[in-house]
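See structure below.
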Amino acid sequence: LASTTPGTLGVGGVLSFDTAAAAMQQIGAALASGAINQLDLGDVSHSDSAGLACVLALAAEAALRGKPLHVVRMPPGMQALAQVCEVDRLIL
């Protein structure tokens with residue numbers, strides 16, 4: 001995780017079944033501070049359905065708090081999976 005731009009949290013590496021739970025906890029803690037309103041996934045090298053579920057859950061949690069989370073630079077594979085699952089409108 002990296003926060004080089006105010007209000008933006010950058011996520012990198014792999015978002016998969018093996019890493020999604022830990023990533024969700026770390027990202028959730030950063031979002032709880034209230035200073036983050038954008039999630040930049042541009043440095044995610046690989047993602048699977050668990051990675052997508054992680055992003056969806058974080059976006060839903062942020063919306064419940066009344067602070068929508070904008071997801072930017074989503075990897076093409078994750079975008080395609082979101083479209084196939086018909087959840088792309090929830091995060092794109």
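Throughout, residue positions are numbered sequentially from 1 according to the sequence presented. What you see is a predicted model, and the numbers here were worked out from it, not measured in a lab.
Atom CD in Q79 sits 11.0 Å away from atom CG in L81 (nearest 0.5 Å). Rounding to the nearest 0.5 Å gives a distance of 7.0 Å between CE of M78 and CD1 of I91. Separation of atoms NE2 (H70) and CD1 (I36) is listed at 12.5 Å; rounding is to 0.5 Å.
Taking L69 as the reference, L31, L39, L58, A62 meet the side chain to side chain contact (heavy atoms under 4.5 Å, CB included) condition, with sequence neighbours excluded. Under the rule for a side-chain hydrogen bond (donor to acceptor under 3.5 Å, both in side chains), the partners of T8 that lie at least two apart in sequence or sit in another chain are Q38. For the side chain to side chain contact (heavy atoms under 4.5 Å, CB included) test, no residue two or more places apart in sequence or in another chain qualifies with A60. Take D48 and apply the salt bridge (charged side-chain N to carboxylate O under 4.0 Å, His left out) test, not counting sequence neighbours, and it matches no residue. Residues satisfying the side-chain hydrogen bond (donor to acceptor under 3.5 Å, both in side chains) test with Q25, not counting sequence neighbours, are none. Residues satisfying the side chain to side chain contact (heavy atoms under 4.5 Å, CB included) test with A20, not counting sequence neighbours, are A50, C54.
Shown here for A57 and M24, the closest heavy-atom pair between the two residues is CB-CE, 3.6 Å. The minimum heavy-atom distance between T19 and L15, with the atom names listed, is OG1-CA, 3.4 Å. Taking each heavy atom of L9 and S3 in turn, the nearest pair found is CD1-CB, 4.3 Å.
Formation of a donor-acceptor pair under 3.5 Å by the S16 side chain with backbone atoms of S47 is not found in this model.
V14 and F17 fall into different hydrophobic clusters, defined by Ile, Leu, Val, Met, Phe, Trp and Tyr side-chain heavy atoms under 4.5 Å apart, directly or through other members. Each of V44 and V72 belongs to its own hydrophobic cluster when Ile, Leu, Val, Met, Phe, Trp and Tyr are linked at side-chain heavy-atom distances under 4.5 angstrom. Note on I27: it clusters hydrophobically with L56, by side-chain heavy-atom contacts below 4.5 Å among ILVMFWY residues.
The list of salt bridge (charged side-chain N to carboxylate O under 4.0 Å, His left out) pairs with a residue in residues 19-32, not counting sequence neighbours, is empty. Among residues at least two apart or in separate chains, there is no salt bridge (charged side-chain N to carboxylate O under 4.0 Å, His left out) pair with a member in residues 1-11. Applying the salt bridge (charged side-chain N to carboxylate O under 4.0 Å, His left out) test to residues at least two apart or on different chains, the pairs with a partner in residues 59-78 are D40-R73, E61-R65. Note on residues 13-26: no pairs pass salt bridge (charged side-chain N to carboxylate O under 4.0 Å, His left out), not counting sequence neighbours.
When D43, L1, V55 are each tested for a side-chain contact (heavy atoms from CB on, under 4.5 Å) with V11, only one passes: L1.
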